[in-house]
Amino acid sequence: MSQHTSQYVFNSKEDYNVILDNMSREFEERWNHQTQSPYTNLENYITRAVLGNGSFGTVMLVREKSGKNYYAAKMMSKEDLVRLKQVAHVHNEKHVLNAARFPFLIYLVDSTKCFDYLYLILPLVNGGELFSYHRRVRKFNEKHARFYAAQVALALEYMHKMHLMYRDLKPENILLDQRGYIKITDFGFTKRVDGRTSTLCGTPEYLAPEIVQLRPYNKSVDWWAFGILVYEFVAGRSPFAIHNRDVILMYSKICICDYKMPSYFTSQLRSLVESLMQVDTSKRLGNSNDGSSDVKSHPWFQGVDWFGILNQEVTAPYQPTISGAEDLSNFENFEFKDRYKSRINRHPELFANF
Amino acid sequence: MSSDSSRRIQVPEELKEVLLQFSISFLVEQPPDVIDYAVEYFTKLQSERPSVSHTDQSTDDQLSVNSQDADAEPPVMASSRRKSVFAEAYDPEADDDDDGATAVFPKTDEQRARLVESVKNVLLFRSLEKEQMNQVLDAMFERKVQPGDFIIRQGDDGDNFYVIESGVYKVYINDKHINTYNHTGLFGELALLYNMPRAATVQAETSGLLWAMDRQTFRRILLKSAFRKRKMYEELLNSVPMLKALQNYERMNLADALVSKSYDNGERIIKQGDAADGMYFIEEGTVSVRMDQDDAEVEISQLGKGQYFGELALVTHRPRAASVYATGGVVKLAFLDVKAFERLLGPCMDIMKRNIDDYESQLVKIFGSKNNITDTR
């Protein structure tokens, strides 16, 4: 089992670009050193509860049999992955989780498989989803939004430096830890690419125009989604959400950037959102070679203590109440789904390198 | 109400459409109370009325965010988690079939014209270039149907988009009839983007003919041609000595920023003395470069496919040194706007400005003197 510490200390006297370069080298080493998962099922763990259901499987709360550590186990059906043509994506996800190490990203603790399922063992982040908390309070004030947005910006900067496109940014994919800091999760659509790619994936309300129009796109789709995210934090809804679920109408609005800006947005927030949500990618904030610096130096982020955020020294505006590892009050109730057990190994050749 | 047919009230098309959309929404959501739902639905519909995007002159005439405030708009809160969507991966670079050929299904000129008319307002067809549109129309295949045939079924996987050529088709949601297509219409547009369970059932009431397009073919046509164009643009950018020092990522961003422009034979592209707003690459055709000499324009050179002009405009902003005209038929150019260039390269601009004198001196060596530099730099 490859236990990895999640404790990082960033020296504010160091040039952050140098720090990122070092992280990039470490990432490269881990990326090139991938191991195959053993066929051990979840025999080293005791399943305690279901934390959530995703497109391709279920996330469960598990406890180590040999110790007292709790983890989140993401269980994915091989049959579903093949049927939905997501085999490459699941390999990508494991690769990324294994190689990425950043305070605001989830990472891989262990991975196993059986005849029917693949399992990713991840750290337990039991403060719940930022999505659930946001829906509960309806809107964040700008200071509150800035606290979360700064962490997301740093996480995107790290991923882009590692040549990773995240491609599925939304509150549903952001977890809160016990101190109220974020962890971005679900790297199913994350892809390592130096340049352009063209696969349509993401979440409808967050898709950039170039994705909708089936054009090749680059990492700036993440900055478009970041604009949507910040807007949603403060407005309480995403800019292109449509009541009658006419997805095509929503895509039409996305392609011409037709949305309404709330009057209570400060001029700096208005400017940030407008700069990020540009249909013309040559005008989109974040799309230069040093794009993340442009985002971080935007006036809306003025006064942010970036190293303080990185080192989690800034007090979070909200800290989830967690009584213990098995306290699931921050999660919705999910039912256990029956797991099928085959006597034959399904698609062994497709998942040999998982 | 009078029974006199001449005095019957005409039901406006707009009312039909609004009530149809409401009915669909009601049947999909199945709320407990129709009145409460109607109040909520129409209140939100009113607040979501499409508002005209204004053109903001300060941002290079780009459609900008709507200026109206959203305060009055009831928040559209996603109470349930929003699901991710995904299409099959396709890598145009790995597609060995270089000509990108797809099967061609013959159509009469009338059928083709009707298809063009039908799809002109479809989101995914709006941004197609002429060549792409022709390929897509060629690839649309015929599907003959008999009365009672199910074209699509609610809940099934969706792979095809359909345009009705002839026939009557009924639309059902949860087994309730909500609409009828009468020899015209289209459905299943979302299937061109990704696989989503069908939202409704469509059943043929009469025999008829449909034109269909599958997602894989559609995406292949679009991405293959986009890939070829990008490759060409990157090669064009690579041919400019001044841009040689750019990193790959920067060059790709510039390729994204190139805009296709067409000029008819004899049409002036740029005028001597005008402010320089960008540079041009020749995709197809030839251009004539002319300079004013003694009250007359004298041709000083001709440029053809793969060549470029106006590159110094990107850095020096000097007025155009010559005029350029399209010659010998339609000329296709790729235009790189100086503002986009500066935005994308930012910090590199200083380095390029420092290199510009060296670049100009190289040109002088080639042409003998500054006066002989025979393009519109």
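Just so you know, these numbers use all the heavy atoms, side chains as well, and skip hydrogens, waters and symmetry mates. Sequence lines set the chain letters: A, B, ... in the order given, protein chains first and strands last, and positions in each chain run from 1.
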Interface moiety of [X] toward chain A, non-hydrogen atoms closer than 4.5 Å:
X	value
B:Tyr194	side chain
B:Leu254	neither
B:Leu124	side chain
B:Leu190	both

Which atoms of [X] are under 4.5 Å from chain B, going by heavy atoms: the side chain, the backbone, both sets, or neither?
X	answer
A:Val212	both
A:Glu129	side chain
A:Phe265	neither

Give a yes or no on whether a salt bridge exists between B:Glu129 and A:Arg215, defined as a side-chain N under 4.0 angstrom from a carboxylate O.
->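 Looking at A:Arg215 together with B:Glu129, the answer is no, because their closest N to O distance does not fall below 4.0 Å.
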Looking at B:Leu193, B:Leu128, B:Asp157, which has the largest count of heavy-atom pairs under 4.5 Å with chain A?
->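 Among the listed options, the one with the most contacts to chain A is B:Leu193.
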Reported [atom1]-to-[atom2] distance for the pair [X] and [Y], which is rounded to 0.5 angstrom:
X	Y	atom1	atom2	answer
A:Thr199	B:Tyr90	OG1	OH	11.0 Å
B:Glu88	A:Leu200	CD	CG	10.0 Å
B:Phe218	A:Leu214	CZ	CG	6.0 Å
B:Leu344	A:Lys283	CG	NZ	11.0 Å

Residue selection (most heavy-atom pairs with chain B, distance under 4.5 Å) from A:Glu210, A:Lys170, A:Arg284 =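 It is A:Lys170.
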Less than 3.5 Å apart, any donor N or O on the side chain of [X] or [Y] sitting next to an acceptor on the other?
X	Y	value
B:Asp256	A:Thr281	no
A:Thr203	B:Arg82	no
A:Ser282	B:Lys339	no

Chi angles and distances behind the side-chain contact (heavy atoms from CB on, under 4.5 Å) call for A:Cys255, B:Arg126 | CA-CA 11 Å; A:Cys255 290; B:Arg126 269 183 239 156; over 6 Å; no
What are the two closest non-hydrogen atoms of B:Leu223 and A:Ser198, and how far apart are they?
->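 The pair with the smallest heavy-atom distance is CD2-CB, 3.4 Å.
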Report yes if some heavy atom in the side chain of [X] is under 4.5 Å from a heavy atom in the side chain of [Y]; otherwise report no.
X	Y	value
B:Arg343	A:Asp280	yes
A:Cys201	B:Ser84	no
B:Val85	A:Pro204	yes
B:Asn253	A:Asn218	yes

Can you name the side-chain contact (heavy atoms from CB on, under 4.5 Å) partners of A:Arg192, sequence neighbours left out?
->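 For A:Arg192, the residues satisfying side-chain contact (heavy atoms from CB on, under 4.5 Å) (neighbours in sequence not counted) are A:Phe27, A:Glu28, A:Trp31, A:His163, A:Leu164.
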